[in-house]
Structures are given as C-alpha cells and as structure tokens.
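Reading through the structure tokens given below for one structure.
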Amino acid sequence: MLQSSRSSVRRVSTRIARCSQGKPAIVNKRAFSLQSDTAAVSSEKFEYPPIGSSSADALRSKPFRFDGASSADFQKTRDGSNLARANAQLASAATRGDSQRALEVVVDMKRHKTKPDLDTYNYLLRSMSNNARSADAWAVFEDMKSYGIQPDVKTFNALIEAHQHRNSAYLWPIVRAMEEMGVEPNAATYGLIINYCVGSKNIENALRYLNIMKSKGIEPELRTLQTIVEIAAESGHARLALDIVNSFESDSVRRLESDVWINCLTAASSCLWKDGVLQCWDYVVQELNLNPGEGLCVAVLHTAARHGLPGLATDVFRVLKLTGIPLEEHHFAALIEAFCRAGQIKEAFLTVDIMQESVPVLPSTLLPLLEHVGKDIDTFDSTWGLMDEIHKERPLHPSSLNILIRAAVSLGDLQRAVGAYKSFADYGIQGDRETFHRLLQGAISAGHHRLGTRILEDMKKTDIEFDSRTYELLIQLALTQETYEDAFQYLEEMKSAGFKPSMNVYKSLVKKCSRTGDPRYTIACEEMEEMGYKADDDFIRSAKNAFLINADEFNAQLEAQGKNLTESQLF
C-alpha cells in the first residue's frame, strides 16, 4: 500500500514537472484550446497558468470548445468512463478547494478529447468559488453557455459563492441571469443571497428574501436562519430576533443551535427586555442545561433589578455559584434592587446582612433600600417593624440600622434618626463610623450644634478613629453657627492628623468668612492655592464683593463687644 502511494506521488510529480516546462506565450494560446493536430498537442509542453487574471483570460478561450460535429449528448463507453473518472477527480478537487488541480484535470480531459457535461462545469465552478476566484468563475460560466450546456441551480450557487467576498453589486447580475434562463433558486441560493444582505447589515433585505422563501414553500436552511437571527441580535433588534426564532420553531420539528439562543439572550438583556430575557434564560438554563458566562449573567441581573424579578436574580446567583464565580458587590446590588422593586423589603435587608459576610457594602448598593424607606414617614415606621422580625431570625448588622438613620435624615426627621441610633443597644450592636457620619449630617442639616457635640463624644467613647470625612463634617457643623472658631481648630487638627483638606472645605470657609465680613477669607484663599487647588475667578470675585458688603457690619460687632481686631485674632 505504501509503495503504491509513493509511486502515485512520483507519477503526479513527474506529470506536474512536465507541465511546468514550456514558454508562457504558448500557454496563453494553447492551454484551453483543442488543436486539430494531435501531434502538435503531444509535442507542445503545457505550463499551467498562474492563479489570477491570466488564468481567467485562458478560461475565456473556451477550454471545452469542440468542432461542430461533436455531440455533447453522446459519448462512447470509453469516453464515458473517462468522463466519470474526470468528474470524480474534479469533485475531489472542488471539495478541497484545489483550483489548480481542477484545471489540470480539465487539460487532461482535452488531451483525451473527453467531452464535459453539466457536472464537469459545476465541479470546476465549485473549485473556483472555494478560492473566491470570481473572474475565473465568470469565465467558466461563459464557456459553459457557449458550449451549449444549460446551467442549473448548482451552477448559479457556485457562481454566487465565488463572489461572496465582493459587494452586492456583483450579486444582482447573477440573479438576473437566473431569472432570464428560468432557473428556480433553491434554499442554498436564498441562503447565499441572505449572506450578502447580512454582510452589509441589511436586515430588511434579508427578511424580504426569507419571506420570499416561505411564500414559495422553500424551507430555509438552519445556518441561513441562524445568520439572520445573529445579525438581528447583534444590531440590537432583540424582539425581531426572538420573533424569528419562535416563528421557525413553532412550524418546524428542527431546533436552532444553542448559540442562537445565547445571542437572543444577550440582545434581550442588553436592552433590558423583560419578556425576552425570561424566555431565553429559561430555555438556555433549564432546557439546554447551559451555564452562561459572568458577563451575560450580570446583564441578566440588571434586567432582573430593573423590573423587580427576584426569582430570576436568585437563579442567576445559582448559576454563578455553579460556575465557581465569586460573588461581588455588583451582583448583590442587583439582587437587592430586584427585591426592593418587588416590594420584598425584608428579603432585601437580609441580603444586605448576608452580603456583609463576604464583600463590603458600598453606599450605592443601599440606594434602592434608602429610596424605599425614605419615601415617607409611614413607610419608615413600617420598615422599623421589620428590624424586629429580622433580629429574631439572625443578628442585625449596623448597615441595616444605618439605612434607617440615613432615611430619617433625608426626611428631615432628626428625632427619628436619633431614635434609630439609640435602638442599637436594644439589638446588641454598636454604631460604626458610617452611623456617626450620618448623624453628623443630620445635625448639620438642622444646624444643631449641641447634638453634633454629643455625637462627637459618643464617637470618641467607641474608639472610632477620625478620618478625613469626619473632620470635614465637623468643620461643616461649626460653620452652621454664628461663632465658628471651632472650624479653624478642626482644620488645623485635620492637617496635623495627616489629612489633606478638600477644596470644598476651603470653599466653605471662604464663603462663611466673606458673608460675615471676616477678613480671614483671604487667608483661606491663599491656603487653598498652597494646597494645589485653583479656584475660578468668578468665585474669588464673588467672595471679595461679599466681604466688602459685610466688612463694616463685622467690625461694628467687634467694637460692640469691646474687642480690637488684632493680627493674632484674625489668623
């Protein structure tokens, strides 16, 4: 077996070597023309033309041209055997996309005066189409017509396929030729035309030809339908994509590939389409038993959060755990929002407490809960009762009660905020830094300096270290009073603790000083620039104008108090 294979290789190599000799000028003249003098054919050395336009020119010289006495409908037994052998070789070359080998077979057929048939041309066209040799394919097609062989649908399919890399301007002449010759397109033809439309993102034309197929009773190929669905999904037409899928599968026993459903799920979740996500998720996860990737799961979570679908969100969590993806803050945030929109506030609070065990809670994570609890006083009071129910099931976390404090502050009800703070001891928990910051914000909003002082004392008793935010809140609280010397004291403490005051801190000091006529506003402006902050000219101009208006009143107050404005007092 091995020896025979090697000998075959040697024979092929010898034949190709013989074909590679000769002059190029002779090739262009004789490569595809049958000469009447057989001796001349045997004496001339054949050289296979290179792939490209030259081979197209050679093909245009009609490789199968015979004299008028020849009959394409009749061949002797020996010729028939030769034709079958040649067609088999052409079919093999077409399958491999080997156009060079196909042309070699054509030359060999001419030497043996083997007349071609429809299959011969179709195989030759397929070998050209697999290499996208559109010019050569047209030459073969023209030669076929001149030889008197009527093209069939396979011929035109191969011709269209040879032009797939070109724009649609090359498609329509082929379609018109089909119509003129009365060749009816089949499913493969429409699939190739639709591929053209899809390649140019022309969904309307793709759907038009799909409807033409249905009107003619032609069942589309799966790959054709999948191509239309994919382009519709990628273009953001989620409803259209899913409608095509549902229409096809309702009328056919065949089922589309899983990738089609994944594309539909991706498109539906990207536009937060509730019904589409529910249908596609159920089919992909339950029917196909697939586990989508994290990116798609997050997109589905966003849809669940937007429409209040906690059941869908919890199922996404199940899939994430099965695939070994660690749960992060953005996963929990979507679940919490889904619970809140569905009115399941207790479950949302429980999720917050569970979340604390693995990932930190960001203020943005709690926004859906805050919006619900801070809706009105009645909602706030009803939520308070949930705390007792949750406490019976599991220990409460400070973040849950911090939501109540934050909601009370947003409602402007400082009494309820303080009441929520005092209930910490009842639940056996201690306030954290977030607790005191929210209470300080409430004191600032109410201008309640004494409450702020008590909060500050409690914060020190719990040994919670001050951060930059703490100092900023204390400065803001001091600036709510007529006497605001504590603001400058906290500013110095903040810098001594290694924190850099923000630009808002300096702007607040400048505004307060300028509005009261306090000349220390200029010192605050200078220090702001030393810290690397650049205030705009309009802000400086407004501060200066406010100071000039209120300076006289400020000095009058000092004189009334019997004080002299010295340099040390100012700075």
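Nothing here was measured: the structure is a model prediction, and the numbers come from that model.
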Just do the side-chain contact (heavy atoms from CB on, under 4.5 Å) check on F317 and L301 with the steps written out, would you? CA-CA 9 Å; F317 265 60; L301 277 175; 4.1 Å; yes
Please report the closest heavy-atom contact between [X] and [Y], naming both atoms and the distance.
X	Y	value
H372	T379	O-CG2, 3.1 Å
C525	V510	SG-CG2, 3.7 Å
I390	D353	CG2-OD2, 4.0 Å
P360	E329	O-CG, 4.0 Å
M494	P501	CE-CA, 3.6 Å
L312	A304	CD2-CB, 4.0 Å

Decide if atom [atom1] of [X] counts as having more than 12 heavy atoms of other residues, nucleotides or ligands within a radius under 6.0 Å.
X	atom1	value
K500	NZ	yes
R433	CZ	yes
R394	CZ	yes
K544	NZ	no
E393	CD	yes
K346	NZ	yes
R223	CZ	no

Verify whether one side chain among [X] and [Y] offers a donor that lies under 3.5 Å from an acceptor in the other.
X	Y	result
Y506	E527	yes
Q481	H449	no
N202	Y196	no
H237	S235	no
S508	Q476	yes
T435	N402	yes
S542	N545	no
Y190	K216	yes

Pair [X] + [Y]: ring centers closer than 6.0 Å:
X	Y	value
F499	F466	no
F547	Y521	yes
Y490	Y484	no

Would you check, one step at a time, whether the test salt bridge (Lys or Arg N to Asp or Glu O under 4.0 Å) holds for D518 with R520? CA-CA 5 Å; D518 190 339; R520 286 179 291 185; 2.7 Å; yes
Taking side chain as C-beta onward, heavy atoms only, is [X] less than 4.5 Å from [Y]?
X	Y	value
V285	R318	yes
L240	L207	yes
F248	E219	yes
D315	Q286	yes

Give the C-alpha distance, both sets of side-chain angles, the deciding distance and a yes or no for side-chain contact (heavy atoms from CB on, under 4.5 Å) between S358 and L327. CA-CA 8 Å; S358 55; L327 297 177; 5.5 Å; no
Using modelled atom types only, decide if a donor and an acceptor are shared between the side chain of [X] and the backbone of [Y] within a distance under 3.5 Å.
X	Y	answer
S400	L396	no
H448	L451	yes
H331	L320	no
E472	V505	no
H307	L309	no
Q226	E257	yes
S247	I244	no
T365	V361	no
D282	L278	no

Is there a salt bridge (Lys or Arg N to Asp or Glu O under 4.0 Å) between E337 and R341 once you walk through the steps? CA-CA 6 Å; E337 184 176 356; R341 289 187 180 273; 3.1 Å; yes
Strictly below 4.0 Å, N to O, side chains only: are R438 and E434 in salt-bridge contact?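 Looking at R438 and E434, the cut-off is met.
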Relative to each other, are the rings of F436 and Y421 parallel, tilted or perpendicular (30° and 60° limits)?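 Ring orientation of F436 relative to Y421: perpendicular.
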Quick check for you: to the nearest 0.5 Å, what is the distance between [X] atom [atom1] and [Y] atom [atom2]?
X	Y	atom1	atom2	result
K422	L401	NZ	CG	15.0 Å
L370	I403	CG	CD1	7.5 Å
Y471	S496	OH	OG	8.0 Å
L265	L296	CG	CG	4.5 Å
I405	S410	CD1	OG	12.0 Å
L256	E230	CG	CD	10.0 Å

D381 and R416: salt bridge (Lys or Arg N to Asp or Glu O under 4.0 Å), yes or no, with the steps? CA-CA 9 Å; D381 292 339; R416 279 182 167 81; 3.2 Å; yes
Verify salt bridge (Lys or Arg N to Asp or Glu O under 4.0 Å) between E492 and K495, making sure each step is shown before the conclusion. CA-CA 5 Å; E492 294 303 320; K495 291 187 291 185; 3.3 Å; yes
Which residues pass the ring-ring contact (aromatic ring centres under 6.0 Å, His included) test with Y533, not counting sequence neighbours?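 For Y533, no residue satisfies ring-ring contact (aromatic ring centres under 6.0 Å, His included) once neighbours in sequence are set aside.
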Derivation and outcome, side-chain contact (heavy atoms from CB on, under 4.5 Å), residues V316 and W281: CA-CA 9 Å; V316 174; W281 178 267; 3.8 Å; yes
Using the six-membered ring of F539, assess whether NZ or CZ of K507 lies under 6.0 Å from its centre and within 45 degrees of the ring axis.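 So K507 does make the cation-pi contact.
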Go through D467 and T470 one step at a time and tell me if the side chain to side chain donor-acceptor pair (under 3.5 Å) criterion holds. CA-CA 5 Å; D467 60 2; T470 309; 2.7 Å; yes
I would like to know whether F349 and T383 meet side-chain contact (heavy atoms from CB on, under 4.5 Å); could you show each step before the answer? CA-CA 10 Å; F349 274 105; T383 305; 3.5 Å; yes
